[in-house]
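Here the structure comes first, spelled out in structure tokens, and everything after it is commentary.
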2 protein chains.
Amino acid sequence: MLHRKDKVNDLKMNKIDKSSFVPPFYQLATILEKRIYSGEFKPGDPLPSETDLGKEYELSRMTVRKCLNLLAERGLIVAQQGRGTFVSRPCLDRATFVLEDFKEELGRRGLEPGYRLVHVRLLKATDEIGVKLQVQHDDRILYYCRLLLGNHEPLAVEHKYMRYVKGKPILENELQYKAFSEVISLNTDILPVRSRMTLCAASAEVEEAQLLNAAVGLPVLKVEQSLYSQDGNIVGIGIFYYHGERYSLVSDIQPLKGEG
Amino acid sequence: MLHRKDKVNDLKMNKIDKSSFVPPFYQLATILEKRIYSGEFKPGDPLPSETDLGKEYELSRMTVRKCLNLLAERGLIVAQQGRGTFVSRPCLDRATFVLEDFKEELGRRGLEPGYRLVHVRLLKATDEIGVKLQVQHDDRILYYCRLLLGNHEPLAVEHKYMRYVKGKPILENELQYKAFSEVISLNTDILPVRSRMTLCAASAEVEEAQLLNAAVGLPVLKVEQSLYSQDGNIVGIGIFYYHGERYSLVSDIQPLKGEG
DNA sequence: CAGTGGTCTAGACCACAAA
DNA sequence: TTGTGGTCTAGACCACTGG
């Protein structure tokens with residue numbers, strides 16, 4: 001009985017319960033988050049020093065730091081060497097959109113993912129893409145186009161360009177199911193180490209509209225990807241169009257879950 | 001001379017240089033990254049255990065862990081309790097787009113940011129927005145519309161809806177320059193603690209097109225924001241339209257910078 | 001059971017900022 | 001000079017995994 005009462009007091013008085021399954025650094029993070037949200041610390045205010053927090057909550061400084069790192073990652077506080085740790089302005093007006101593996105993403109949404117390989121072609125290295133990929137004059141570029149489906153409905157069109165290495169067999173199966181950077185490393189022995197993607201809004205042109213089963217002019221999310229090798233050359237170019245009405249990105253910023 | 005030679009050997013042999021300004025945990029991270037990219041460890045392979053890495057590089061386990069955390073954050077490895085730490089499939093096909101403070105973002109791009117307040121209105125709580133904001137029947141909703149400018153050119157239109165508290169004065173200046181969540185907490189004494197934003201592609205309607213100085217149908221990035229209070233109620237709704245041709249989001253995934 | 005990662009501690013030295 | 005955060009250490013206990 002007393003034990004239970006002590007625990008309740010711990011929660012009320014914002015003490016650390018070392019017998020809990022929730023690790024102390026996380027308990028402290030939720031406590032500090034509460035103290036910030038309650039208005040005790042306002043944006044710009046300094047938090048107590050790491051040493052003082054350690055004394056107050058009877059934790060080692062390393063543990064306090066682990067907790068502060070957690071809050072800093074979430075943008076709630078900012079540490080400044082030699083000065084202190086300060087509460088940030090609320091950062092709820094910043095968003096982080098993650099474009100991740102298509103299959104996993106659809107799984108979470110409860111849709112059945114699907115792929116359809118539309119084109120596979122060898123192109124001459126003449127046009128703009130060839131220049132970017134720095135292909136020799138008589139080399140070829142492998143181009144392929146893939147459709148991403150959700151419950152058999154087209155959600156996105158992907159165009160991908162990479163150098164073509166003669167003699168290296170490429171399975172259509174690979175093109176259809178594997179990630180672009182994997183396809184490149186498998187078929188050219190070059191390992192992409194850097195990726196840059198830009199996202200903007202655009203209108204579907206004729207080809208994309210057809211493939212997306214929609215009208216020309218359909219709003220789409222256009223993503224352009226450049227993959228670089230270790231020596232800084234572009235080894236792959238991707239252009240992806242996501243159906244504007246069927247595909248969206250979500251960003252969620254919320255408080256830490258309490259110790260329930 | 002010998003000192004210098006030793007350092008060179010350290011780099012070649014992938015040892016830690018404790019006299020360097022680059023902290024050991026970071027040196028180890030770049031070393032392990034190299035060993036992974038070189039093909040020594042392939043996706044799915046286990047890394048040596050934390051204890052073994054500590055012995056190999058003469059570092060404490062905590063330092064090794066700090067390094068592994070760094071690589072894990074970047075998606076290069078995944079730790080599994082009780083089993084080990086494993087190299088991930090290359091995650092270059094995942095992107096993280098950050099929509100951040102408009103002013104800072106434009107500063108980085110070398111554009112001059114600007115704001116223009118277009119509308120401020122009190123609406124009746126009848127329509128869809130009113131229901132979401134759970135406004136009482138005789139309360140009012142504060143609506144305002146803001147234009148974001150880059151070098152005096154319109155880049156985005158923002159529509160924002162929040163509960164209106166009688167008697168609380170609201171300065172137009174605040175609406176024009178302050179972040180939405182800040183405006184809400186200043187004028188309703190409710191602190192938003194959670195934000196959910198969705199991003200999709202759309203076409204500009206008449207009003208947005210006019211404000212963006214573009215034709216109807218212009219592709220736009222449409223972002224919808226909901227701000228929640230601690231008790232789970234929606235306390236603010238925002239709808240933002242970013243000019244599709246003038247605004248884009250960028251994601252960059254690249255290797256750690258070496259110890260130059 | 002042994003080995004793994006997850007967490008915590010008490011102490012230490014450093015670089016940096018402010019008085 | 002004092003106090004701050006940034007880093008590192010050598011040890012410890014725990015929960016989890018797999019044989």
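The basis for the numbers below is simple: all heavy atoms, side chains too, and nothing from hydrogens, waters or symmetry mates. In the text below, chain A, chain B and the rest are named by the order of the sequence lines, each starting its count at 1.
- With the nearest nucleotide of DNA chain C identified for both A:Pro23 and B:Gly84, B:Gly84 has the one nearer the 5' end.
- Atom CZ of residue A:Arg65 and atom CG of residue A:Asn69 lie 5.5 Å apart, to the nearest 0.5 angstrom.
- Contact check, B:Thr85 against C:dG5: a side-chain N or O comes under 4.0 Å of OP1 or OP2.
- Per the geometry, CG belonging to B:Leu28 stands 11 Å off P belonging to D:dT9, to the nearest Å.
- One interatomic measurement links the two molecules: CG of B:Leu70 to P of D:dT7, which rounds to 10 Å at whole-angstrom precision.
- Side chain of A:Gln225 to backbone of A:Ser195: no donor-acceptor contact under 3.5 angstrom is found.
- A:Glu50 and A:Arg61 are joined by a salt bridge, as a carboxylate oxygen and a charged side-chain nitrogen come within less than 4.0 angstrom of each other.
- OP1 or OP2 of D:dG3 has not a single side-chain nitrogen or oxygen of A:Ser49 nearer than 4.0 Å.
- Within 4.0 Å of B:Thr51, counting heavy atoms only, lies no atom of the nucleic acid at all.
- With rounding to whole Å, A:Glu50 atom CD is found 16 Å from C:dA10 atom P.
- Rounded to the nearest 0.5 angstrom, A:Leu106 CG and A:Arg109 CZ are separated by 6.0 Å.
- Proximity note for A:Met62 (side chain, C-beta onward) versus C:dG5, D:dG6, C:dT9: the nearest is C:dT9.
- Comparing B:Arg61 and A:Gly82 by the nucleotide of DNA chain D that holds the closest heavy atom to each, the one mapping nearer the 5' end is A:Gly82.
- Between A:Arg83 and the phosphate of D:dG3, there is no side-chain N or O to OP1/OP2 separation shorter than 4.0 Å.
- The nearest whole Å value for the distance from the CG atom in B:Leu68 to the C1' atom in C:dG5 is 10 Å.
- Of the candidate nucleotides D:dT4, C:dG6, D:dT7, D:dT4 has the atom lying nearest to any side-chain atom of A:Asp52.
- Set against D:dG6, D:dT9, C:dG6, the side chain of B:Ser60 has D:dT9 as its closest nucleotide.
- Counting non-hydrogen atoms of other residues, nucleotides and ligands closer than 6.0 Å to CD of B:Gln254 gives a total above 12.
- The separation between B:Lys55 atom NZ and D:dA10 atom P is 13 Å, rounded to whole Å.
- Computed from coordinates, the B:Gln80 CD to C:dG3 C1' distance equals 15 Å when rounded to whole Å.
- Nucleic acid contact class of A:Leu59 (heavy atoms, under 4.0 Å, all strands): sugar-phosphate only.
- Of the candidate nucleotides D:dA15, D:dT7, C:dA15, D:dT7 has the atom nearest to the side chain of A:Arg65.
- With rounding to whole Å, A:Ile77 atom CD1 is found 14 Å from D:dT4 atom C1'.
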Self-check item: Evaluation steps, salt bridge (charged side-chain N to carboxylate O under 4.0 Å, His left out), between A:Glu158 and A:Lys160
Solution: CA-CA 6 Å; A:Glu158 300 182 333; A:Lys160 298 175 183 180; 3.0 Å; yes
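- Remark: A:Lys18 is in phosphate contact with C:dT9, judged by side-chain N or O atoms under 4.0 Å from OP1 or OP2.
- Straight-line distance from the CG atom of B:Leu47 to the P atom of C:dG3: 19 Å, rounded to whole Å.
- In terms of phosphate contacts, A:Lys66 brings no side-chain nitrogen or oxygen within less than 4.0 Å of OP1 or OP2 of D:dG5.
- Which of C:dC16, C:dG5, D:dT4 sits closest to the side chain of A:Gln81 comes down to C:dC16.
- Side-chain atoms of A:Phe25 lie closest to C:dT7 of the nucleotides C:dT7, C:dG11, D:dA15.
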